[in-house]
Amino acid sequence: MNNNSRKSKIIFFFSIVALLGAAAVLHLTRADHTVTTTQPASQTAVAWTAAYNEADFSSSEIRELVRRLQQIMQADRNAEMLRPVIIQLGVHLRNTNDPVPLVVADLLRDLSVEHPVKDIRLMAYITMISALQNEAGESGVGIGFAAR
């Protein structure tokens, strides 16, 4: 009986050590994965900011709305904060005939693909189509037909 108790204690001890080792390995792999995914995102943000600064916006309102949209996306992607900005940007894009820089469509494309809220993705996609229509300089050519 004493021998069985000792074996049980040894098995229990090794089980605890194995579980702690597995938890440590999982923690290290998760920490390494987080570091690798953050680096390309920051490089993308730097590249986007450089393209934004070089872009020639014909409207200061559109420039400001795109800047606010980028700030919200970098912060927390709050859907309640994104909705009014996307709506305002869409209205400005539909009311202007001036060419829109491609960085606007890039930002909206990223938002339409990555955001977890379905209506934000849809609004961003529709606004991206408007930006692409204006980017070409002609309204309603091939891309507008696909959106209807």
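Remember, predicted model here, so these are calculated numbers, not experimental data. What's counted below: heavy atoms across the whole structure, side chains too, no hydrogens, waters or symmetry copies.
- The shortest non-hydrogen separation linking Arg83 to Met123 is O-CE, 3.6 Å.
- Atoms OG and CZ, on Ser60 and Arg67 in that order, are 12.0 Å from each other to the nearest 0.5 Å.
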(message) Checking Asn134 against Asp98 for the side chain to side chain contact (heavy atoms under 4.5 Å, CB included) test, could you report, in this order, the C-alpha distance in whole Å, the side-chain angles of both residues, the deciding distance, and whether it holds?
(response) CA-CA 7 Å; Asn134 287 351; Asp98 298 331; over 6 Å; no

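- With a 4.5 Å cut-off on side-chain heavy atoms, Leu108 and Leu89 count as touching.
- Scanning for side-chain contact (heavy atoms from CB on, under 4.5 Å) contacts around Ile72 gives Met81, Leu82, Val85, with sequence neighbours left out.
- Expressed to the nearest 0.5 Å, how far OG of Ser15 lies from CD1 of Ile10 amounts to 11.5 Å.
- With Val104 as the partner, the side-chain contact (heavy atoms from CB on, under 4.5 Å) test is satisfied by one option alone out of Val100, Leu102, Asp106: Val100.
- Taken together through direct or relayed side-chain contacts under 4.5 Å among Ile, Leu, Val, Met, Phe, Trp and Tyr, Tyr125 and Leu111 form part of one hydrophobic cluster.
- Separating the CG atom in Leu107 from the CD atom in Gln70 is a distance of 5.5 Å, to the nearest 0.5 Å.
- If you run side-chain contact (heavy atoms from CB on, under 4.5 Å) between Ile16 and each of Phe14, Phe12, Phe13, only Phe12 comes through.
- With rounding to the nearest 0.5 Å, the separation of CG in Asp110 from CG in Leu69 is 10.0 Å.
- Cluster membership check: Ile87 does not share its hydrophobic cluster with Ile126, using side-chain heavy-atom separations under 4.5 Å among Ile, Leu, Val, Met, Phe, Trp and Tyr.
- Under the 4.5 Å side-chain heavy-atom criterion for Ile, Leu, Val, Met, Phe, Trp and Tyr, Ile120 and Leu122 are members of distinct hydrophobic clusters.
- Judged by the 6.0 Å and 45° rule, Arg63 forms a cation-pi pair with Tyr52.
- Linking ILVMFWY residues whenever their side-chain heavy atoms come closer than 4.5 Å, directly or via other members, places Val117 and Ile86 in the same cluster.
- The backbone N or O of Gly90 sits less than 3.5 Å from a side-chain atom of Arg94, completing a donor-acceptor pair.
- A donor-acceptor contact shorter than 3.5 Å is absent between the side chain of Thr96 and the backbone of Leu93.
- Contact of the Gln88 side chain with the Glu61 side chain is not registered, since no non-hydrogen atoms from C-beta on lie closer than 4.5 Å.
- A salt bridge is absent between Glu114 and Arg121; no separation between the charged side-chain nitrogens and carboxylate oxygens falls under 4.0 Å.
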